[in-house]
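Take a look at the structure below.
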Amino acid sequence: MREFKLYDTLSRTVKPITTSEPGHLKFYSCGPTVYSYAHIGNFRTFLTTDLVIRTAEAIGWDVTYVSNITDVGHLTQDDVADAAGDDKMAKALASKEGDQFANVWDLARFYAVAFEDDWKRLNLKTPTVRPRATEHMREQIVAVEDLIKKGHAYETPTGVYFSVDSFEEYGKLSGNTDRENLQVAVRDVVQDDNKKNPADFALWKKDDKHLMQWFSPWGWGFPGWHIECSVMAQKYLGDTIDLHGGGEDLKFPHHECEIAQSEAGTGKPFCNHWMHVTFLQVEGEKMSKSKGNFFTVRDLLEQGFDPIALRYALISVPYRKPHNFTIQTLKDAEGNVERFREAGRRIEAILGEGWLESAGDFGSDQLGQELSGIYEQGLNAMLDDLNTSVAIAKALEGTKAILRISSLSESDAKEGAAFLAKVEALLGITGLIATQEPEEEAEPEIEGKLVSVWVTERDEAKKNKDYATSDLIRNKLTAAGIELRDTPDGTVWAKR
RNA sequence: GGCGACGUACCCAAGUGGUUAAGGGAAGGGUCUGCAAAACCCUCAUUCACCGGUUCGAAUCCGGUCGUCGCCUCCA
């Protein structure tokens with residue numbers, strides 16, 4: 001069994017992931033709150049978890065991957081202490097963009113669909129389960145009742161709170177073990193005088209005015225932000241999970257609170273390995289919703305950028321390093337994705353359609369051995385705390401080895417196919433799998449026929465050495481976004 | 001106030017004790033081509049912010065200086 005090493009926030013070391021069942025990884029990754037379109041920073045995190053799955057599968061592991069959607073509008077300051085801010089979703093509904101929605105439920109549904117759409121376009125693997133907070137209300141209420149019963153939570157006139165002092169190890173993940181520092185950390189949060197400790201966090205908030213509310217043993221209200229992940233992780237993965245991840249901001253308080261709730265409830269370790277993704281920066285600066293200096297995935301795709309190039313750009317720097325995303329990075333990525341596609345086109349010319357799906361393993365000939373070695377180096381880089389920079393360099397190295405061969409033999413093409421198929425499975429950046437939305441596919445059919453007519457026309461002109469006409473046609477097509485390439489086997493075209 | 005990251009060529013960036021400091025972009029030259037495009041080939045850091053130290057040996061370890069940035073609050 002091969003080792004898959006990843007930095008673990010809890011032990012603060014890079015260590016091999018251990019799975020409770022051999023070869024079966026149980027992984028929970030915190031998803032977004034759906035009150036707006038997801039931005040590229042969100043996706044740096046989700047892409048990182050996607051790479052964990054791909055890497056695990058590349059060494060033959062089964063992965064049960066749970067990634068939730070938070071569709072309850074939690075309070076904006078319900079983090080360390082309790083609630084006092086506005087509801088995120090209510091805020092979104094009240095904003096200009098919110099006018100199109102009848103209510104918060106409608107809004108959550110809309111952005112959840114948009115999110116899954118972006119997810120597919122960036123070629124992320126579909127989770128085994130994608131649970132929603134609103135669909136697990138009963139379980140959350142039961143969990144809160146259980147914590148009260150076990151003496152870890154108590155009711156006040158404003159809600160139900162988890163007693164931080166009842167859980168010795170509170171703070172072990174984030175290092176916020178020093179109660180004095182905790183006081184500093186919670187300084188700006190509005191306090192509830194009925195709480196036993198200002199750091200106690202909400203499990204249930206009483207509020208019969210809230211836009212989303214449920215009936216509970218404590219009256220009308222809604223659940224605290226942290227309890228949903230504890231409940232859903234346990235429901236789908238069991239009391240102890242192998243790996244849990246999310247953005248670096250979730251370390252404290254969110255994951256700290258998840259640990260406290262879960263372990264206080266079950267008496268068992270909640271999770272053996274924690275990973276956190278460092279925030280993405282844009283043009284050298286932190287991006288955030290409140291600053292408004294962010295790109296959504298949609299923004300960039302609407303500007304015509306290739307979704308796979310966006311994926312490439314977002315994973316090109318290892319996840320624990322600060323990554324300064326720029327438009328230039330994205331443009332650089334486009335060229336490289338195009339190189340994978342070019343290699344794919346050459347292979348398809350020999351093996352025909354379906355070559356990627358039917359690609360086999362490496363052979364024993366020289367090219368097969370060379371590509372096999374390069375792929376192994378890339379895989380090893382991924383197994384060493386997801387070194388995507390090296391893995392991508394290896395993907396390009398192998399692709400160049402394929403492109404270097406001016407005339408591929410059938411055996412060469414098969415080796416190349418094996419390489420590209422493995423790279424695609426591991427990194428998802430070759431652009432050889434269509435991620436376009438289905439409705440966009442109808443039009444190119446007709447368009448393609450029109451282009452073919454012009455290409456034939458131009459070939460005629462070229463044959464007659466009428467270069468004025470042939471160049472005119474090429475220029476017109478270029479202006480229309482169609483790029484022509486004359487190859488020994490004839491003219492091929494691609495959309496730019 | 002607490003915690004942490006980073007500073008490598010024009011740009012992005014890997015490398016964290018030892019042969020030639022990955023890879024990509026840009027730039028320059030070349031092959032191919034009617035010309036292009038694409039692809040391929042070649043060139044492009046004796047040097048890793050700065051100053052000391054440890055060591056046979058450091059971009060890599062230690063100390064200091066300067067600079068940039070992030071998390072702890074909404075946010076992945």
Side-chain angles (χ1 to χ4, degrees), chain A residues 12 29-33 35-36 38-49 74-81 85-86 88 91 174-176 178 180-189 245-254 256 276-281 284-291 294 312-313 316-326 328-336 338-339 341-343 345-346 377 381 387-397 400 402-406 462 465-467 470-471 474-475 478 483-488 491-494 496:
Chain A
R12 289 158 178 77
S29 166
C30 288
T33 301
Y35 61 98
S36 178
H39 61 245
I40 56 176
N42 296 120
F43 269 94
R44 181 185 199 196
T45 298
F46 306 138
L47 282 165
T48 300
T49 60
H74 293 298
L75 301 168
T76 55
Q77 291 187 353
D78 177 13
D79 290 315
V80 175
D86 300 314
K88 277 185 250 178
K91 226 168 162 179
S174 59
N176 280 337
D178 182 341
E180 302 257 320
N181 286 340
L182 214 49
Q183 299 302 321
V184 176
V186 302
R187 70 191 183 282
D188 291 332
V189 178
E248 63 174 322
D249 58 316
L250 298 182
K251 218 183 288 178
F252 185 88
H254 185 57
E256 198 71 76
H276 292 96
V277 181
T278 301
F279 268 14
L280 184 75
Q281 289 172 242
E285 239 199 315
K286 171 201 163 89
M287 68 181 262
S288 74
K289 289 179 185 176
S290 55
K291 272 191 189 167
F294 68 91
Y312 183 117
S316 62
V317 176
Y319 76 100
R320 287 202 294 134
K321 298 236 177 184
H323 179 0
N324 180 19
F325 180 90
T326 63
Q328 187 57 48
T329 311
L330 185 51
K331 286 180 180 161
D332 292 353
E334 282 192 313
N336 286 314
E338 206 37 55
R339 208 177 229 154
R341 290 205 178 101
E342 174 66 18
R345 274 191 287 271
R346 293 196 194 174
Q377 288 172 33
N387 191 333
T388 45
S389 294
V390 170
I392 290 173
K394 292 298 162 188
L396 285 169
E397 189 181 325
K400 283 176 85 168
I402 298 165
L403 290 170
R404 189 154 39 225
I405 300 165
S406 51
K462 271 177 67 188
K465 298 214 189 298
D466 178 8
Y467 295 124
S470 72
D471 287 350
R474 185 170 64 195
N475 291 340
T478 304
E483 187 181 274
L484 298 188
R485 291 173 201 164
D486 294 333
T487 75
T491 302
V492 296
W493 61 274
R496 283 303 298 173

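Fair warning: this is a prediction, and the values are worked out from it, not measured in the lab. Lettering follows sequence order; numbering is per chain, from 1.
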Using whole Å, report how far [atom1] of [X] lies from [atom2] of [N].
X	N	atom1	atom2	result
A:Arg345	B:A39	CZ	P	9 Å
A:Leu250	B:U73	CG	P	12 Å
A:Ile392	B:G15	CD1	P	13 Å
A:Tyr319	B:C6	OH	C1'	17 Å
A:Glu338	B:A38	CD	P	10 Å
A:Arg341	B:A39	CZ	C1'	17 Å
A:His323	B:C11	NE2	P	17 Å
A:Phe252	B:A76	CZ	C1'	18 Å

Euclidean distance for [atom1], [N] against [M] (whole angstrom):
N	M	atom1	value
B:A37	B:G25	P	16 Å
B:A58	B:G53	C1'	12 Å
B:G24	B:A9	C1'	13 Å
B:U43	B:C35	P	26 Å
B:A22	B:C44	P	12 Å
B:G15	B:U47	C1'	14 Å
B:A36	B:G29	P	13 Å
B:C50	B:G7	C1'	11 Å

For residues A:Ala381 and A:Val390, report the shortest heavy-atom separation together with the two atoms involved.
CB-CG1, 3.5 Å
Tell me, do A:Gln281 and A:His323 make a side-chain contact under 4.5 Å, heavy atoms counted?
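The answer is no; the side chains never approach within 4.5 Å.
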Pairwise side-chain contact, A:Thr388 with A:Ser316, heavy-atom cut-off 4.5 Å (strictly under):
no
Under 4.0 Å, heavy atoms only, any strand: does [X] hit a base, just the sugar-phosphate, or nothing?
X	value
A:Gly41	base
A:Leu280	base
A:Val277	nothing
A:Lys394	nothing

As an exercise, state the distance from NZ of A:Lys400 to CZ of A:Arg339, rounded to the nearest 0.5 Å.
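Answer for the NZ-CZ pair, A:Lys400 versus A:Arg339, is 5.0 Å.
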Measure the CG-CG distance between A:Leu280 and A:Asn324 for me, rounded to the nearest 0.5 Å.
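These two atoms lie 8.0 Å from each other.
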So which nucleotide does [N] pair with, by the Watson-Crick or G-U wobble rule with both distances under 3.5 Å?
N	answer
B:A22	none
B:G70	B:C3
B:G28	B:C42
B:U33	none
B:C61	B:G53

Along nucleotides 24-36 of chain B, 5' to 3', which nucleotides get a B, which get an S, and which get a -, given that the test is a protein heavy-atom distance under 4.0 Å?
BS--------BBB
Side chain of [X]: nearest nucleotide among [options]?
X	options	result
A:Pro32	B:U16, B:A76, B:A5	B:A76
A:Gln281	B:A13, B:C69, B:A39	B:C69
A:Glu248	B:A5, B:G70, B:G15	B:G70
A:Ser389	B:A14, B:A38, B:C40	B:A14
A:Glu342	B:G15, B:A5, B:A38	B:A38

Would A:Phe279 pass as stacked on B:G70, i.e. its ring centre under 5.5 Å from the base's six-membered ring centre and planes under 30° apart?
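Whether judged by distance or by angle, A:Phe279 falls short somewhere, so it does not stack on the base of B:G70.
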ring-ring contact (aromatic ring centres under 6.0 Å, His included) partners of A:Tyr319, counting only residues at least two apart:
none
Classify the side-chain pair A:Thr329/A:Thr326 by whether it contains a donor and acceptor separated by less than 3.5 Å.
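Short answer, yes.
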Any donor-acceptor pair under 3.5 Å linking the side-chain atoms of A:Ser174 with those of A:Glu256?
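Yes - a donor-acceptor pair under 3.5 Å links their side chains.
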Please confirm whether any donor atom in the side chain of A:His39 sits under 3.5 Å from an acceptor in the base of B:A76, or the reverse.
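Check passes, donor-acceptor contact within cut-off.
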Between B:A76 and A:Thr45, counting only base atoms on the nucleotide and side-chain atoms on the residue, is there a donor-acceptor pair under 3.5 Å?
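Indeed, a donor on one side and an acceptor on the other fall under 3.5 Å apart.
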Less than 4.0 angstrom from a charged side-chain N to a carboxylate O is my criterion; do A:Glu342 and A:Arg485 meet it?
yes
Check this for me: does any side-chain nitrogen of one of A:Glu248 and A:Arg320 sit under 4.0 Å from a carboxylate oxygen of the other?
no
Would you kindly compare A:Arg320 and A:Gly31 by the position of their nearest RNA chain B nucleotide and give the one closer to the 5′ end?
A:Arg320
Any A:Lys251 side-chain nitrogen or oxygen under 4.0 Å from OP1 or OP2 of B:G2
no
Presence of A:Asn324 side-chain N/O under 4.0 Å of B:C69 phosphate oxygens OP1/OP2
no
